[in-house]
*Asks:* 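Before I ask anything, here is the structure I am working with.
These numbers were taken from a predicted model, which means no experiment stands behind them. In each ligand, atom 1 is the first atom listed, and ligand 1 is the first ligand listed.
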Amino acid sequence: MSKYDVLIIGGGPIGLACGIAAKKAGLSYIIIEKGALVNSLYNYPLFMTFFSTSERLEIGGVPFMSMAPKPGRQEAIEYYRRVKQFYGLQINLFEKVESVKKEGEQHFIVTTSRGQYEAKNVIVSTGFYDIPVMMNVPGEDLPKVKHYYKEPHFYAFQNVLVVGANNSAVDAALETWRRGANVTMVIRGSEIGRVKYWIKPDIENRIKEGSIKAYFNSSLKEITEKEVMIETPGGLITIPNDWVLAMTGYHPNFKMLESFGIETADNVKHCPVYHPDTMETNVPGLYLAGVVCGGMDTHIWFIENSRVHADKIVADIVAKHHYATAE
Ligand SMILES: Cc1cc2nc3c(=O)[nH]c(=O)nc-3n(C[C@H](O)[C@H](O)[C@H](O)COP(=O)(O)OP(=O)(O)OC[C@H]3O[C@@H](n4cnc5c(N)ncnc54)[C@H](O)[C@@H]3O)c2cc1C
């Protein structure tokens, strides 16, 4: 079994950025991705628009051209696929990392759904999009409850409840309402959350004119086959319902990080411990990159501000192990 200088877990934008940085430094590396290339982006809503302009999503210095300043999901997928091809990145797709064990100095054994690898260093760039934040209400396990929203046509002429008030919730509410759904939103706070500036007036005006019904300072209490019960400031109400879009967010796989030996700073936000200059965790040689770093605060890190993790990590690996760099 050959031993890689670096094994990267996750083929999202930041995992790819780590692969590029490793390649540029002349390190041997492999990226292991459990799904398709940039699997999270692949599973985003079909018509989503990034809040970032395209140049802020660039990695490896490859220009990202988009029709409008802010690209859509499809353009981003095209871009990252071309980046993979441009750099000839070594990536195994549809292979899941199941365990990471440190066996000694510069010696990790990484077990996947297909076999085992040896690596001197491991980078965990597994994102947060695989595990939804659950509402923990009766009926949440019904098939009509969706934690991922793909596209609006499916919901046309149906009673749709959208839970949440951030970008994903507002996009889902507006898109489904425009395709003829009867949309109700249930919102914990007293106003629409941090959303893209150009959709804020749209949703606020749809609510003001009554096209989309919104219950603020409210929470979903129960879901049944044909109805939902909502606790509102005016009391408990029951409304007819066909589908619940629970846009309540996602979180990193804390159990997986813990099983790798990564400590967390607290038990509420589950922020993993790492050095901000090097991104190295409490386990020497085991690094974190991308949105996985944020714990429950998934809004802190995004592509824009976490793509720098790749160079920080590779600089640390090169400095520690005195590798000769290719550039
Ligand atoms: C709807 C939406 C819109 C967004 N818009 C923006 C934006 O405009 N600008 C911006 O900068 N950011 C945005 N973000 C955030 C951004 O998409 C994420 O920050 C980005 O995907 C982070 O990249 P990442 O590589 O850290 O994680 P991800 O892209 O989530 O990649 C992690 C990868 O790891 C893989 N993986 C997980 N576990 C394993 C395992 N055990 N074995 C192997 N592979 C594994 C996953 O399949 C996934 O492909 C948005 C996020 C969402 C949800």
Side-chain angles (χ1 to χ4, degrees), residues 7-20 30-59 64 66 69-73 75-77 80 83-84 91-100 110-114 117 122-133 147-150 164 166-172 175 194-199 247-257 259-260 279 287-294 297-310:
L7 184 143
I8 299 155
I9 311 173
I14 307 305
L16 299 184
C18 292
I20 294 168
I30 182 84
I31 306 171
I32 311 283
E33 164 56 54
K34 71 171 169 49
L37 189 77
V38 290
N39 199 52
S40 301
L41 276 63
Y42 172 73
N43 285 303
Y44 285 173
L46 284 188
F47 307 118
M48 70 82 75
T49 303
F50 281 82
F51 56 77
S52 305
T53 49
S54 51
E55 78 278 3
R56 287 174 181 266
L57 301 174
E58 287 172 1
I59 54 171
F64 182 175
S66 57
K70 292 165 194 293
R73 164 194 171 276
E75 289 174 303
I77 288 175
Y80 291 114
V83 170
K84 189 267 177 214
I91 176 163
N92 291 356
L93 299 171
F94 298 100
E95 177 171 359
K96 185 175 182 184
V97 170
E98 287 165 352
S99 75
V100 173
V110 178
T111 306
T112 74
S113 49
R114 291 205 206 138
Y117 298 81
V122 173
I123 303 174
V124 183
S125 51
T126 46
F128 66 74
Y129 201 56
D130 292 319
I131 305 181
V133 175
H147 289 276
Y148 294 88
Y149 165 74
K150 198 74 192 169
N166 288 330
N167 277 314
S168 306
V170 169
D171 280 346
E175 284 188 7
R194 285 184 307 263
V195 295
K196 292 172 267 199
Y197 67 85
W198 64 96
I199 60 167
M247 302 290 101
T248 45
Y250 308 91
H251 66 77
N253 189 337
F254 301 127
K255 273 196 189 140
M256 182 181 73
L257 299 183
S259 76
F260 293 175
M279 309 308 291
Y287 295 82
L288 290 174
V291 298
V292 70
C293 297
D297 278 338
T298 51
H299 60 280
I300 293 177
W301 294 110
F302 27 101
I303 301 169
E304 265 197 46
N305 65 357
S306 65
R307 49 190 180 162
V308 294
H309 293 169

*Asks:* Any donor-acceptor pair under 3.5 Å linking the side chain of H251 with the backbone of V133?
*Replies:* no
*Asks:* Considering only heavy atoms of S125, which atoms of ligand 1 have at least one such atom less than 4.0 Å away?
*Replies:* 32 (C), 33 (C), 34 (O)
*Asks:* Give the numbers and elements of all ligand 1 atoms closer than 4.0 Å to a heavy atom of Y129.
*Replies:* 53 (C)
*Asks:* With under 30° as parallel and over 60° as perpendicular, where do the rings of F50 and Y44 fit, or are they tilted in between?
*Replies:* tilted
*Asks:* Identify the protein heavy atom lying closest to atom 28 (P) of ligand 1, giving its residue, its atom name and the separation to 0.1 Å.
*Replies:* S40 OG, 3.5 Å
*Asks:* Is a side-chain N or O of E98 found less than 3.5 angstrom from the main chain of T111, in a donor-acceptor match?
*Replies:* no
*Asks:* Treating K84 as the side-chain partner and I91 as the backbone partner, does any N or O pair qualify as donor plus acceptor under 3.5 Å?
*Replies:* no
*Asks:* Just to confirm my output: which protein heavy-atom neighbour is closest to atom 27 (O) of ligand 1, and how far is it?
*Replies:* G127 CA, 3.4 Å
*Asks:* Please list, in number order, the atoms of ligand 1 under 4.0 Å from a heavy atom of G290.
*Replies:* 26 (O)
*Asks:* Say whether L41 and ligand 1 are in contact under the criterion: heavy-atom distance to a ligand atom below 4.0 Å.
*Replies:* yes
*Asks:* Among all protein heavy atoms, pick out the one at the shortest distance from atom 35 (C) of ligand 1; state its residue, atom name and that distance to 0.1 Å.
*Replies:* E33 OE1, 3.2 Å
*Asks:* Could you tell me whether the side chain of S54 and the main chain of K70 form a donor-acceptor pair under 3.5 Å?
*Replies:* no
*Asks:* With no hydrogens and no angle check, is any side-chain donor or acceptor of N167 less than 3.5 Å from a backbone partner on K196?
*Replies:* yes
*Asks:* Report yes if V97 has an N/O atom closer than 3.5 Å to an N/O atom of ligand 1; otherwise report no.
*Replies:* yes
*Asks:* On a heavy-atom basis, which atom in R114 and which in F94 lie closest, and how many Å separate them?
*Replies:* NH2-O, 3.1 Å
*Asks:* Show me which atoms of ligand 1 lie under 4.0 Å from any heavy atom of G10.
*Replies:* 33 (C), 34 (O), 35 (C), 44 (N)
*Asks:* Who's the nearest protein heavy-atom neighbour of atom 20 (C) of ligand 1, and how far?
*Replies:* I303 CG1, 3.5 Å
*Asks:* Taking the six-membered ring of Y42 as reference, does the cationic atom of K150 (NZ for Lys, CZ for Arg) lie under 6.0 Å from its centre and within 45° of its axis?
*Replies:* yes
*Asks:* Check whether Y148 reaches the backbone of Y129 with its side chain - one donor and one acceptor, N or O, closer than 3.5 Å.
*Replies:* yes
*Asks:* Tell me: protein heavy atom nearest atom 25 (O) of ligand 1, and distance?
*Replies:* I14 N, 3.0 Å
*Asks:* Who gets closest to atom 36 (N) of ligand 1 by heavy atom: K96, R73, M256, K34?
*Replies:* K34
*Asks:* Using a 4.0 Å cutoff against the non-hydrogen atoms of I9, which atoms of ligand 1 qualify?
*Replies:* 40 (C), 42 (N), 43 (C)
*Asks:* Give the contacting part of N253 toward ligand 1: side chain, backbone, both or neither, where contact means a heavy-atom distance below 4.0 Å.
*Replies:* neither
*Asks:* Quick one about T112 and E95 (side-chain donor to acceptor, distance below 3.5 Å, no hydrogens or angles considered), yes or no?
*Replies:* yes
*Asks:* What residue and heavy atom of the protein are closest to atom 4 (C) of ligand 1, and at what distance?
*Replies:* M48 CE, 3.9 Å
*Asks:* List the closest protein heavy-atom neighbour of atom 5 (N) of ligand 1: residue, atom name, distance to the nearest 0.1 Å.
*Replies:* F51 CE2, 3.5 Å
*Asks:* Do ligand 1 and S168 have nitrogen or oxygen atoms that lie under 3.5 Å from each other?
*Replies:* no
*Asks:* Only heavy atoms of V291, strictly under 4.0 Å: list the atoms of ligand 1 that pass.
*Replies:* 18 (C), 19 (O), 22 (C), 26 (O), 27 (O)
*Asks:* Return the option from P13, S113, G12, P45 holding the heavy atom at the smallest distance from atom 23 (O) of ligand 1.
*Replies:* P13
*Asks:* Counting neighbours of CZ on R56 that are heavy atoms of other residues, nucleotides or ligands and sit closer than 6.0 Å, is the number greater than 12?
*Replies:* no
*Asks:* Without swapping roles, check the side chain of N39 against the backbone of A36 for a donor-acceptor pair under 3.5 Å.
*Replies:* yes
*Asks:* Report the nearest protein non-hydrogen atom to atom 38 (N) of ligand 1: residue, atom name, distance rounded to 0.1 Å.
*Replies:* T126 CG2, 3.5 Å
*Asks:* Whether the side chain of R194 engages the backbone of N166 through a donor-acceptor N/O pair (distance < 3.5 Å, no angle test) should be reported.
*Replies:* no
*Asks:* Relative to atom 51 (C) of ligand 1, which among F128, F302, Y44 owns the nearest non-hydrogen atom?
*Replies:* Y44
*Asks:* Counting from 1, what ligand 1 atoms have a heavy atom of I32 closer than 4.0 Å?
*Replies:* 43 (C), 44 (N)
*Asks:* Hey, does L57 sit under 4.0 Å from ligand 1 if you only count heavy atoms?
*Replies:* yes
*Asks:* Quick one: does S113's side chain have a donor or acceptor within less than 3.5 Å of a partner on K96's backbone?
*Replies:* yes
